[in-house]
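Here the structure comes first, spelled out in structure tokens, and everything after it is commentary.
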Amino acid sequence: MGSLSLKDALTPSLGQAAFIAFFAYWTIWIIYTRWLHPLSKFPGPFWASVSRIWTVLHVLPGDAEKRQRKLHEKYGPIVRIAPNELITSDPAAIKTLYGTKAGTMKTDFYLAFRPPWARFPDHFSSPGGKEHGDRRRIVSSVYSMSSILQSERYIEACIDVWERKLDEMADRKESFDLWLWTRMYAYDVIGELFFSKMFGFLEAGRDHLGYIAATDDLIPVQFIAANMPTYVRSLFMLTGIMLPKVRGALKALDNLTEATVVMIKKRLAALQVDEPDAKPQRADILGKLLDISHRNGKEVDFELDDIKMESFGGFFAGSETTATTLTGILYHILRNRAVYNKLTSEIDAATQRNKLSTPHITYKEATALPYLVACIKEGMRMHPVNAVSFPRHVPETGCAVAGSWIPGGARIGVNMAVVHFDKGVFGDDAGVFRPERWIDGTRNPVEMERHLLNFGMGSRTCLGKNVSLPIPCAMDVLFGSWNRLLIAADISVRDIQGYPAATETVHV
Ligand code: HEM
């Protein structure tokens, strides 16, 4: 029997070698991230500084805004939340990072939201620069306020259905889920504005096409993927196929894409028919996009796939955001009986002075009511659509944030749900819903407005900002003609994954 040689004894088995390599890798990596990395001087949790697994676990429960407020309380205005990423709570950083002259670029966070079939990077996920500006300019007129206002009366058609349905529920003394109904309203409005046709959610009184369930599956999965390193995302999706949630999310993406394609196909078919009645009777967003493509599509390289991209974007970026915003505003107003009473008094007084059209107030009339506007702004401040920061790469030259120098190329973002509660900007009672702060002279409204990030900022401001016009228009459903339903409202609340708290149910 041969004896074990010294060489054999010192040669590690495959398992041992793998363990040593793993251990060596992590030791070197930790030394690098903790002491040598360009962001090593910034404070934050230990595990965040060495691995993005911490970051993913941090956003997983869907309450990142609360966790990030606590992180800033503990570590100060700049916190390291990943080996290569910072967040800041400094209100001045909004201009530095998102202002028109910021020179920052979007990070790969956004790629998790890009449909795989996009011909060009969509506006939302595009890193920025000239290509983004050029592509955005092609369609920007379609989303201008004057263009959207042309369709205002079609939003009223959605409000009519919504009112009728609420009326029926009130007669039956039935409770309803406000979050579900605002989403159905938002989807139907998007249908009217983009395709001249409601999707029929309000009429059906339920998620009859499954889009709402689909986005419920899709959005949390996208947010989790967005916080992973890009190279892990495909693996996450692949292995995730075994998880019903991820499978559901991928199916949801297909469903929403398919729904967009169906709408476009129907329109193209209608345009082929020689019957005048079969043709669309008004200039909706899809019609305007097709017009651009016909007029100078070749010149600017804007074809059917790009129209599909735009319509999908409206569907996806527009419905959930509008519904979340509207729900957030209503939630706060309904929980504050004094605010509710003051608001209804303002609407009643304006009605008596014949300042409001019937049966529906117009956007112009709604936005001329100071207290209503203050309630909308305050609701948006307290309840922004997004609970994580929007990370940017700082320019190669670097930039100063909260008194520290951020090296070129580093990732850093502001969480709107954190900065909207800044006491320096919004007052010591920033944690309280108080619409009066916008109009009673105690705070500077221009200064506060500059720090509202609900629609983003600078060259990356929300393209569909004006499409959110259904928000003020919907107010009269609930506060004008409809206060009978809400007089005795008893509201229950739940948290929605990935968003700040929103109202689930209003009992009548
Ligand atoms: C109340 C409703 C809405 C809210 C709160 C909202 C919010 C936002 C925010 C915060 C951004 C900036 C993201 C960033 O800087 O990373 C954004 C961008 C964008 N939004 Fe909206 N959005 C709303 C409605 C819509 C609608 C209806 C559409 C589509 C018609 C839309 C399309 C877009 C697009 C295309 C971008 C990317 C713009 C760019 O980077 O050039 N949004 N939105």
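Numbering of ligands and ligand atoms starts at 1, following listing order. We count residues from 1, following the sequence as given. Being a predicted model, the structure only gives us computed values, none of them experimental.
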Worksheet item: Any luck finding a side-chain donor-acceptor pair between Glu365 and Ser357 under 3.5 Å?
Response: yes
Fill in: Short side-chain to backbone donor-acceptor contact, Arg437 and Phe426, under 3.5 Å
yes
Item to complete: Could you establish whether Met457 and ligand 1 come within less than 4.0 Å of each other, counting only heavy atoms on the residue side?
Response: no
Worksheet, complete the sentence: A student checking ligand 1 against Phe194 at a 4.0 Å heavy-atom cut-off should list atoms 30 (C)
Worksheet item: Nearest to atom 29 (C) of ligand 1, what protein heavy atom do you find, and at what distance?
Response: Gly314 CA, 3.7 Å
Discussion item. For ligand 1 and Arg136, I'd like to know whether there is a polar contact (N/O to N/O, distance under 3.5 Å).
Written reply: yes
Fill in: Nearest protein heavy atom with distance in Å, relative to atom 5 (C) of ligand 1
Asn454 O, 3.5 Å
Worksheet item: Quick one: side chain to side chain donor-acceptor pair (under 3.5 Å) partners of Thr397, sequence neighbours excluded?
Response: none
Worksheet item: Can a donor-acceptor pair be found between the side chains of Ser126 and Lys106 at a distance below 3.5 Å?
Response: no
Worksheet entry | Interfacing atoms of ligand 1 (cut-off 4.0 Å, heavy-atom, Tyr110) | 14 (C), 16 (O)
Worksheet item: Is the side chain of Asp306 donor-acceptor paired with the backbone N or O of Glu303 at a distance under 3.5 Å, no angle test?
Response: yes
Discussion item. Can you name the atoms of ligand 1, numbered from 1 with element, that are less than 4.0 Å from a heavy atom of Met416?
Written reply: 10 (C)
Discussion item. So, 4.0 Å and heavy atoms of Arg392: is ligand 1 close enough to count as a contact?
Written reply: yes
Discussion item. Is His132 close enough to touch ligand 1? Criterion: a residue heavy atom under 4.0 Å from a ligand atom.
Written reply: yes
Discussion item. Does this structure show an ion pair linking Asp122 with Arg114, if we count only N-O contacts that are shorter than 4.0 Å?
Written reply: yes
Practice prompt. Please work out which of the three classes, parallel, tilted or perpendicular, describes the rings of Tyr143 and Phe194, given edges at 30° and 60°.
Written response: tilted
Worksheet entry | Protein N, O or S atoms lying under 2.8 Å from atom 21 (Fe) of ligand 1, listed by chain and number | Cys462 SG
Worksheet item: What's the shortest distance from atom 1 (C) of ligand 1 to any protein heavy atom, and which residue and atom give it?
Response: Thr325 OG1, 3.4 Å
Worksheet item: Can you find a non-hydrogen atom of Thr324 under 4.0 Å from ligand 1?
Response: no
Fill in: Numbered atoms of ligand 1 (with element) below 4.0 Å of Thr461, judged on heavy atoms
38 (C)
Discussion item. For Tyr110 and Phe124, I'd like to know if the aromatic rings sit close, meaning centre-to-centre distance below 6.0 Å.
Written reply: yes
Discussion item. Whether the side chain of Arg69 engages the backbone of His72 through a donor-acceptor N/O pair (distance < 3.5 Å, no angle test) should be reported.
Written reply: no
Item to complete: Could you tell me whether the side chain of Asp108 and the main chain of Leu111 form a donor-acceptor pair under 3.5 Å?
Response: no
Practice prompt. Examine Trp162 together with Phe201 and report whether their ring centres are nearer than 6.0 Å.
Written response: no
Discussion item. With respect to Ser459, determine whether any N or O atom, backbone or side chain, lies less than 3.5 Å from an N or O atom of ligand 1.
Written reply: no
Discussion item. So, applying salt bridge (Lys or Arg N to Asp or Glu O under 4.0 Å) with Arg183, which one of Asp188, Asp216, Asp207 is it?
Written reply: Asp216
Practice prompt. Examine Arg460 against ligand 1 and note whether any of their N/O atoms are separated by less than 3.5 Å.
Written response: yes
Worksheet item: Under 3.5 Å, N or O to N or O, is Tyr143 touching ligand 1 that way?
Response: no
Discussion item. As an exercise, identify every atom of ligand 1 less than 4.0 angstrom from a heavy atom of Val385.
Written reply: 5 (C)
Worksheet item: Is there a donor-acceptor contact under 3.5 Å linking the side chains of Asn415 and Glu65?
Response: no
Practice prompt. Check each atom of ligand 1 against the heavy atoms of Lys106 and keep those under 4.0 Å away; list them by number with element.
Written response: 14 (C), 16 (O), 40 (O)
Fill in: Check: Glu203/His208 side-chain N/O donor and acceptor closer than 3.5 Å
no
